[in-house]
Participant: 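Once you've had a glance at the structure underneath, I'll fire off some questions.
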Amino acid sequence: MLKCFSFLFIFAATFAFAQNSQAVRLKQAQEYANQEKYKEALDEYKAVLSADKNNAEAYLGAGNVRYKMKDYKQALDNFQLAQKHDPSLTKAIEGEAETYEALNQKDNAVASWRVLAIKGTAEQKAKAQSRIGILLGTAPVPAPVPPAPATGGKYTYDSPEFKAGLAAYEKNNCGESVKYWREVLKKEPNNPGAYYYAGVCRFKMNEFDNAIINFNKSFDYPDKGFNANYYLGRIYEQKGDNAKAISYYNKYLQLTTSAEGRTEVKGRIAKLGGVSSSSVAQINSSGSSSSSYACNSLESCLKMEEKRKQDSVAAYLESLKNKPLTVGPEKIAVTEYGGSFAFASTTEAGSADLQKALNLVQKKSFQSAIDALQTVRQKFPGTPNSMAAAYNLLSLYQYLELHDKVIALGNSVLREPVPEPYKSAISYTLAASQVKKAEYQNGYNTLLDVKEDQKLGPTLGQKLALEAEIAAQYKPDQGSPEILKKAIEAEPDRIKKNELRMKLADLYTKLQDQPSAIQAYKDITEDCPQNASDPCNKAFNELGDRSFLIQNWPMALEYYNKAIERNRDNMQVSWALFQIGNVFRKQGNYREAVRSYDLLIKEYGGTYWADQAKLYKDDAIWQESNQGVLKK
């Protein structure tokens with residue numbers, strides 16, 4: 001049996017890395033769900049399932065999220081798929097039963113609860129029996145918690161959980177406070193008081209999208225719910241949506257009795273309207289103006305300023321039809337994630353926000369960087385730096401593999417008058433994401449508009465590589481290996497050339513052309529500088545693995561030894577040593593096999609392959625000792 005093990009472990013390292021990545025994504029999805037960021041949570045679960053269609057935990061998580069979103073039909077599908085791939089996952093059975101109840105499918109709900117009563121934990125069994133009794137009318141329905149008449153309405157604002165949440169809020173411990181508001185909402189869905197304080201906490205924690213959701217459900221909170229208008233105004237002011245901010249501020253003014261609050265909000269409205277409080281007063285007192293943008297009240301002045309802005313932007317965009325935005329970009333910075341960050345201008349509107357976004361990117365604070373770039377787009381529409389912000393957003397989205405966002409934003413931006421080099425760079429980024437989402441026809445059409453070798457890219461080699469990838473999927477009879485060969489020939493950069501060769505080798509592997517794949521890997525190894533990283537080092541290991549699979553033992557030994565000479569990665573070196581031992585064992589040279597296994601155990605003890613080597617060493621020693629017996 002041990003003779004078969006090498007085949008089972010050939011891709012074990014890659015599998016382990018993939019499993020770790022999925023675990024990270026599952027954890028991130030759960031965190032998003034806990035923060036009520038349901039769309040983001042679903043995106044993470046979808047990413048896991050795109051790599052592993054049998055992942056029951058991802059189906060369960062997606063079901064829970066969709067249940068909270070009241071998307072019950074989709075939730076039911078997810079819970080059932082979770083059970084299909086892991087019948088022992090009782091949480092999926094519980095979710096299915098809850099969903100059937102939400103859909104008013106009583107008989108199906110009872111059937112699911114009966115299954116849980118058999119398979120579930122002790123706690124789940126008790127819950128299932130209780131639910132079955134309630135649904136069949138053999139047990140009383142629990143009485144609802146009575147409301148607190150003193151605070152009015154149909155909700156309770158003095159429960160232990162509510163008081164604990166309020167105590168944490170008053171101590172400015174929002175992280176703890178939010179936990180209690182979740183508990184309140186579990187027992188009393190739609191409690192506006194819980195939503196109000198959760199919204200304020202999320203506002204203080206800069207979680208603006210979730211705060212908006214909370215505040216929009218909090219207006220009915222007695223005495224304080226109207227304050228949600230103030231916070232919504234503050235949020236939209238920070239997002240750069242002045243019209244919405246002013247709208248909410250005006251609602252707050254109509255409801256508040258706070259003189260201090262009114263003074264602050266009037267000042268904010270005047271600032272957002274582009275006029276000072278004193279000039280608003282002057283305009284109000286004059287009662288008229290000869291300007292075409294005349295106003296005679298605070299509200300009309302604000303509308304006037306908004307119209308002036310809109311007209312200004314419209315006029316600017318109209319002027320761009322016969323004039324390019326910029327010949328830039330003026331400045332391009334290389335980021336740590338490997339992309340480029342563009343400034344159309346370092347002096348015009350939006351440059352400070354772009355610099356802030358770049359600093360955040362370098363710190364890997366990606367969500368904050370995205371928020372800063374979106375601010376540039378919102379505050380300075382039609383300006384050169386707004387276009388640069390769009391390019392930077394797309395690059396960042398693609399790095400984070402948020403391909404749906406790349407496609408949505410890319411298509412939107414390309415409806416604007418986009419100058420070169422932005423147009424080609426954005427089109428290439430859009431096409432690459434369309435290919436990732438299997439939109440090969442769209443990717444092909446988008447790529448037609450791309451001019452290569454401009455300031456923001458792509459190179460001719462990159463364009464041809466993407467074209468080859470499209471051809472391999474969309475038009476496999478169009479000679480996609482030949483397109484990749486042209487890309488390799490056109491690429492001047494040595495490292496990028498080898499990356500394209502690696503794609504060519506992978507393509508030949510998909511086409512089951514093993515000799516051509518091996519030649520592509522050899523081309524990489526023959527053009528590698530000393531101490532080069534991937535794809536050079538990967539090519540030596542790949543050649544060793546492929547030689548092993550076709551039982552070309554001398555070639556396998558040659559390339560595994562070269563991989564050891566060049567590589568600094570313990571995992572790759574230990575794998576090569578392990579495989580060298582396996583080659584000798586396959587050849588019947590058990591003494592050399594034992595020497596290789598011993599070296600691996602000594603130099604890389606505690607690693608996965610060193611542990612495997614101990615098993616294979618024992619097998620090789622047994623084989624050596626029993627050769628004569630085996631031949632009889």
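For this chain, numbers begin at 1 and follow the sequence in order. Computed from a predicted structure; not experimentally measured.
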Participant: Given 3.5 Å as the limit, does a donor-acceptor pair link the side chain of Glu526 with the main chain of Asp523, or not?
Facilitator: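 Such a contact is absent between Glu526 side chain and Asp523 backbone.
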
Participant: Is there side-chain contact between Tyr32 and Asn34, with at least one heavy-atom pair below 4.5 Å?
Facilitator: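 No, side chains not in contact.
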
Participant: Only counting residues at least two apart or in another chain, list the ones meeting ring-ring contact (aromatic ring centres under 6.0 Å, His included) with Tyr67.
Facilitator: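 ring-ring contact (aromatic ring centres under 6.0 Å, His included) check on Tyr67 returns Tyr72.
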
Participant: Would you tabulate the side-chain donor-acceptor contacts of residues 592-606 under 3.5 Å, counting partners in other chains and residues two or more places apart, or write 'none'?
Facilitator:
from, atom 1, to, atom 2, distance (Å)
Glu592, OE2, Arg595, NH1, 2.7
Ser596, OG, Leu577, O, 2.9
Ser596, OG, Gly581, N, 3.3
Tyr597, OH, Asn582, N, 3.4
Tyr597, OH, Asn582, OD1, 2.5
Tyr597, OH, Arg585, NE, 3.3
Asp598, OD1, Lys617, NZ, 2.8

Participant: Would you check if Arg66 and Asn78 make a side-chain contact, meaning some heavy-atom pair closer than 4.5 Å?
Facilitator: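 Yes, at least one pair of side-chain atoms sits under 4.5 Å.
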
Participant: Side-chain contact, heavy-atom cut-off 4.5 Å: Lys405 with Leu393?
Facilitator: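 Contact flag for Lys405/Leu393 side chains = no.
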
Participant: What residues form a side chain to side chain donor-acceptor pair (under 3.5 Å) with Lys436, not counting sequence neighbours?
Facilitator: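 Checked Lys436 against side chain to side chain donor-acceptor pair (under 3.5 Å); zero matches.
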
Participant: Have Glu565 and Asn561 got a donor and an acceptor in their side chains that come within less than 3.5 Å?
Facilitator: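 No donor-acceptor contact under 3.5 Å links the two side chains.
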
Participant: Are there over 12 heavy-atom neighbours, none belonging to Lys91, within less than 6.0 Å of that residue's NZ?
Facilitator: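 Counting other residues, nucleotides and ligands, NZ of Lys91 stays at 12 neighbours or fewer.
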
Participant: Examine Trp553 together with Phe584 and report whether their ring centres are nearer than 6.0 Å.
Facilitator: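 When the ring centroids of Trp553 and Phe584 are compared, they turn out to be at least 6.0 Å apart.
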
Participant: Will you find, in the side chains of Asn442 and Glu439, an N or O donor that is under 3.5 Å from an N or O acceptor?
Facilitator: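 Side-chain D/A pair, Asn442 to Glu439: present.
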
Participant: Under 4.0 Å between a Lys/Arg side-chain N and an Asp/Glu carboxylate O for Lys186 and Glu183?
Facilitator: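 Salt bridge between Lys186 and Glu183, a charged N being under 4.0 Å from a carboxylate O: yes.
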
Participant: If you define the side chain from C-beta out and look only at heavy atoms, does anything of Asn589 sit under 4.5 Å from Val583?
Facilitator: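 The answer is no, as the side chains (C-beta and beyond) never meet within the 4.5 Å cut-off.
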
Participant: Got a salt bridge between Asp618 and Lys614, using NZ or NE/NH1/NH2 to carboxylate O under 4.0 Å?
Facilitator: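 No, no charged N to carboxylate O under 4.0 Å.
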
Participant: Under 6.0 Å from the NZ atom of Lys179, do we count more than 12 heavy atoms belonging to anything else shown?
Facilitator: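 Count not over threshold, so no.
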
Participant: With rounding to the nearest 0.5 angstrom, report the CG to CD distance, Asn210 to Glu36.
Facilitator: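 If I round to the nearest 0.5 Å, the distance is 6.0 Å.
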
Participant: Could you work out, with side chain to side chain donor-acceptor pair (under 3.5 Å) as the rule, every residue matching Glu401, not counting sequence neighbours?
Facilitator: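 With sequence neighbours excluded, Glu401 shows a side chain to side chain donor-acceptor pair (under 3.5 Å) to no residue whatsoever.
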
Participant: Mind checking side chain to side chain donor-acceptor pair (under 3.5 Å) for Glu94 and listing every partner two or more places apart, or none if nothing turns up?
Facilitator: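 Partners of Glu94 by the side chain to side chain donor-acceptor pair (under 3.5 Å) criterion, ordered by chain and then number, come out as Gln124, Lys127.
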
Participant: For Tyr59, which residues count as a ring-ring contact (aromatic ring centres under 6.0 Å, His included) partner, sequence neighbours excluded?
Facilitator: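 Residues passing ring-ring contact (aromatic ring centres under 6.0 Å, His included) with Tyr59: His85.
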
Participant: Check whether any side-chain heavy atom of Leu373 lies under 4.5 Å from a side-chain heavy atom of Leu354, and answer yes or no.
Facilitator: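 The answer is yes; the side chains approach within 4.5 Å.
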
Participant: Before accepting this row, confirm whether a basic side-chain N of the pair Arg546/Glu542 lies closer than 4.0 Å to the acidic partner's carboxylate O.
Facilitator: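 Yes, charged N to carboxylate O under 4.0 Å.
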
Participant: Taking the side chain as every heavy atom from C-beta outward, state whether Tyr560 and Asp545 have any pair of such atoms under 4.5 Å apart.
Facilitator: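 With C-beta onward as the side chain, the pair touches.
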
Participant: Is there side-chain contact between Thr446 and Gln434, with heavy atoms separated by less than 4.5 Å?
Facilitator: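 Side chain of Thr446 against side chain of Gln434, heavy atoms only: contact under 4.5 Å found.
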
